[in-house]
Number of protein chains: 2
Amino acid sequence: MSFAPLRNDRLLRALRREPVDCTPVWLMRQAGRYLPEYKATRARAGSFMNLAKHPQLACEVTLQPLDRFPLDAAILFSDILTVPDAMGLGLSFAEGEGPQFAHPVRSAADVAKLGVPDMSSELRYVTDAVTLIRRELGGRVPLIGFSGSPWTLACYMVEGGGSERFARIKAMLHDDPATLHKLLEINARAVTAYLAAQIEAGAQAVMVFDTWGGVLTPRHFRDFSLRWMSQIAAELPRGSGADRVPLILFAKGVHQLEAIADTGCDAVGLDWTIDLSEARARIGHRVALQGNLDPVALYGNDAAVRAAVAEVLDSFGDGPGHVFNLGHGITPDVDPARAATLVQAVHELSAGRAMR
Amino acid sequence: MSFAPLRNDRLLRALRREPVDCTPVWLMRQAGRYLPEYKATRARAGSFMNLAKHPQLACEVTLQPLDRFPLDAAILFSDILTVPDAMGLGLSFAEGEGPQFAHPVRSAADVAKLGVPDMSSELRYVTDAVTLIRRELGGRVPLIGFSGSPWTLACYMVEGGGSERFARIKAMLHDDPATLHKLLEINARAVTAYLAAQIEAGAQAVMVFDTWGGVLTPRHFRDFSLRWMSQIAAELPRGSGADRVPLILFAKGVHQLEAIADTGCDAVGLDWTIDLSEARARIGHRVALQGNLDPVALYGNDAAVRAAVAEVLDSFGDGPGHVFNLGHGITPDVDPARAATLVQAVHELSAGRAMR
């Protein structure tokens, strides 16, 4: 496919640890409920899944934050649970509730029924959205595709939805690890195919969200989450040189940075519980770092937001390889004016730094 | 006060990093809803606060787990929010809900109204319970007293109850840190007086729970939580030599172990997201370590529980200074038989180790 040439390549340069004029910034959940225009489109769509499954609507909400703020990247509007939904688990979102699967995976027999979905049919709506967004972006900023990690998808598939303690999947982990690994292996192949299809359709960077890696012990994280993300990093076709599609891994609440950096990913996403300075000291310049302002800092006033941005930039220090982001998704009740302050502060305060 | 001599001093010896015949074990929330006898007493009490506020009932539930399992410590049955309740915030527990304060602390004017409660009147029910339990224990095992940390108490006081994102207290932290520090300073003095009163009444070890330290950035943890726990460690009268009352600090989800160990506490509690081997490598033998089995391991079968216990013991390795515990409270739906398996496994599997 052929698209307009990219006019703002700060994100891709930072992910390749190349010099930039100022630090690129985007926000997890930047297309979301804190924006009134998002809520209007969401209301028109009727349901969250209708919004995600119609490329025209997904494209519309993906572009909304870019029309408000000079962000340096767009991220596909979708949900991490599209893949298990396409496996036939029956995803729904009750109003005001989290995700629910009609057919959770509880046994070896349930796992045996699962397979990698066909990207060109069950998940066609995602790749169509990617291509449409990429076209509509017209080269303004790069487009990021994404997926949930094999472990995080398995958490929802086994628990049947959100969970406080992850009792079902942890019981499976302790009592029947072979079945859990079978499920994770299917998920890893599905995620690899899914990200490859997004890249094929036009995604210029991809990110894997391991939202629930942090509920595991260090050893279980390595065995049941990281191992399968490493397989994705090894097997996902990402091109090379200036055309290489960078892979960002984000394992929320996980402090095993060295092990994550060793997967072969291009960047490590960090939540706000680790200082960027410590992360750089521990993993050096092998990979870029993405993060890590506490989203709740956006509840402060403008001066406090600027001070908090400055602190994150100072912690990273000089040199290339930083993508500014929040440490978790922007929250629904944030004033969009604070997000504007954040984006402006990142660009202004980083422009004077030595990043060349 | 004079009590029967202590017959099982494994806990106190381990907290002093002295040799023991086997690793002592107790469980956070060991007196709790997973025990049918607890539920029966709770039903008789009518409400959670009635249970906590009547020394006879608090004593009864404190002793229940000791009659079932050969635990090496009793822990006062109470709640971390007794102190703000005694400050006049009006604590209640709606059925099936978390704690609620009728009068949350939202402004400098609210903070100005607060003071350290009088331990001999408003919190007399707690010290009476401590003395009664200590007497009823008759020297079987030592009794642990406890409190919430200044920061964790402030979280509930400002939010008015539990919280998902801690938006109100974090906004105060960013916009008006002086008011928040004033609140934390009052809390620190109150916690110090509260723990001193528990020690005076018979507590043989004390523990501070910083349940919400992990929601802060590393710097904010040091400034708004650790600083005030350090003050408690410095000012709490704990005696000396064999009569010294050890202080355990537990900051859930916080990985700044060196800084916690440097407060002057005697032991550091750990959740399951850090290996004991890493913790020992990082903080050496300055303090004892308490933890750190994932409570969800108790959903596995008996063989899985024993294997999980062995893994924690192996991770700590040889030498004194380990108190076995869960990394968080035991969950309400655990089969008590699994807790029995855990306690037996800790004693059996550690007895052969070189801890002298």
Side-chain angles (χ1 to χ4, degrees), chain A residues 163-177 213-222 253-257 270-279 291-308 311-312 314-315 327-329 331-334 338, chain B residues 163-177 213-222 253-257 270-279 291-308 311-312 314-315 327-329 331-334 338:
Chain A
S163 178
E164 197 188 334
R165 292 194 281 261
F166 302 92
R168 284 196 176 94
I169 193 165
K170 286 189 178 178
M172 189 187 277
L173 182 156
H174 281 103
D175 291 350
D176 189 5
V215 305
L216 292 168
T217 67
R219 182 173 72 81
H220 289 154
F221 173 74
R222 292 190 296 273
V254 174
H255 285 219
Q256 299 182 69
L257 306 184
L270 297 168
D271 69 24
W272 63 91
T273 64
I274 306 183
D275 284 329
L276 293 180
S277 59
E278 185 192 333
N292 68 345
L293 184 68
D294 184 349
V296 174
L298 294 171
Y299 295 125
N301 58 32
D302 278 331
V305 170
R306 282 183 70 90
E311 194 175 341
V312 171
D314 286 346
S315 183
H328 195 52
T331 51
D333 50 348
V334 157
R338 295 287 178 270
Chain B
S163 178
E164 196 187 337
R165 292 194 280 263
F166 301 92
R168 284 196 176 94
I169 194 165
K170 285 189 178 179
M172 187 186 278
L173 182 157
H174 281 103
D175 290 351
D176 189 5
V215 306
L216 293 168
T217 67
R219 182 172 72 82
H220 289 154
F221 172 75
R222 291 190 296 272
V254 174
H255 285 217
Q256 298 183 70
L257 306 184
L270 298 168
D271 70 22
W272 63 91
T273 65
I274 305 183
D275 284 329
L276 293 179
S277 58
E278 184 192 333
N292 69 344
L293 184 68
D294 183 352
V296 174
L298 293 172
Y299 295 125
N301 57 34
D302 278 331
V305 170
R306 281 184 72 90
E311 193 174 346
V312 171
D314 286 346
S315 183
H328 195 52
T331 51
D333 50 350
V334 157
R338 294 287 178 271

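Lettering of chains follows the sequences in order, A, B, ..., and the numbering in each one begins at 1.
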Novice: Does any heavy atom of chain B fall under 4.5 Å from the side chain of A:Asp333, the backbone, both, or neither of them?
Specialist: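 Just its side chain gets close to chain B.
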
Novice: Within the 4.5 Å heavy-atom criterion, are A:Arg165 and B:Tyr299 side-chain neighbours or not?
Specialist: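 Yes; the side chains approach each other to less than 4.5 Å.
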
Novice: Between B:Ala297 and chain A, with a heavy-atom cut-off of 4.5 Å, which part of the residue counts as in contact: side chain, backbone, both or neither?
Specialist: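 For B:Ala297, backbone and side chain are both near chain A.
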
Novice: Can you say whether B:Asp176 sits under 4.5 Å from chain A via the side chain, the backbone, both, or neither, judging by heavy atoms?
Specialist: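 Neither part; nothing is under 4.5 Å.
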
Novice: Quick check on B:Asn301 against chain A: is it the side chain, the backbone, both or neither that has a heavy atom closer than 4.5 Å?
Specialist: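 The answer is both parts of B:Asn301.
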
Novice: Side chain from CB out, backbone as N, CA, C, O: work out which of these in B:Gln256 comes under 4.5 Å of a heavy atom of chain A, or both, or neither.
Specialist: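 Neither part.
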
Novice: Taking C-beta and beyond as the side chain, do B:Leu298 and B:Thr331 meet within less than 4.5 Å on heavy atoms?
Specialist: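 They are not in contact (no side-chain heavy atoms under 4.5 Å apart), so the answer is no.
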
Novice: Of the backbone (N, CA, C, O) and the side chain (C-beta and beyond), which part of B:Leu293 lies under 4.5 Å from a heavy atom of chain A, both, or neither?
Specialist: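 For B:Leu293, there is no contact with chain A at all, as no heavy atom is under 4.5 Å.
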
Novice: So what's closer than 4.5 Å to chain B heavy atoms on A:Glu278: side chain, backbone, both or neither?
Specialist: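 Nothing of A:Glu278, per the 4.5 Å heavy-atom cut-off to chain B.
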
Novice: What residue in A:His174, A:Met172, A:Lys170 has the most heavy-atom pairs under 4.5 Å with chain B?
Specialist: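 Max contact count across the listed options: A:Lys170.
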
Novice: What part of A:Asp294 is in contact with chain B, defined as an atom under 4.5 angstrom from a non-hydrogen atom: side chain, backbone, both or neither?
Specialist: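 Side chain only.
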
Novice: Please look at B:Val215 and chain A and tell me whether the side chain, the backbone, both or neither of the residue comes under 4.5 angstrom of a heavy atom of that chain.
Specialist: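 For B:Val215, the contact with chain A is made by the backbone alone.
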
Novice: Which residue out of B:Ala307, B:Gly300, B:Ala308, B:Gly327 racks up the most heavy-atom pairs below 4.5 Å with chain A?
Specialist: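 Ranked by heavy-atom pairs under 4.5 Å with chain A, first place is B:Gly300.
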
Novice: With a 4.5 Å limit on heavy-atom distance, are the side chains of A:Leu257 and A:Leu270 in contact?
Specialist: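 Yes, at least one pair of side-chain atoms sits under 4.5 Å.
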
Novice: B:Asp275 side chain to B:Ser315 main-chain N or O, any donor-acceptor pair under 3.5 Å?
Specialist: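 Not at all, since once roles are kept as given, no pair shorter than 3.5 Å links the two residues.
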
Novice: Can you say whether B:Leu216 sits under 4.5 Å from chain A via the side chain, the backbone, both, or neither, judging by heavy atoms?
Specialist: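 Just its backbone gets close to chain A.
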
Novice: Can you say whether A:Phe166 sits under 4.5 Å from chain B via the side chain, the backbone, both, or neither, judging by heavy atoms?
Specialist: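 Backbone of A:Phe166 only, per the 4.5 Å heavy-atom cut-off to chain B.
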
Novice: Hey, does A:Pro218 have a side-chain heavy atom less than 4.5 Å from the side chain of A:Arg222?
Specialist: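 A side-chain contact exists here, since the closest heavy-atom pair is under 4.5 Å.
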
Novice: Could you go through the side-chain contact (heavy atoms from CB on, under 4.5 Å) check for B:Thr273 and B:His255 one step at a time?
Specialist: CA-CA 9 Å; B:Thr273 65; B:His255 285 217; 3.1 Å; yes

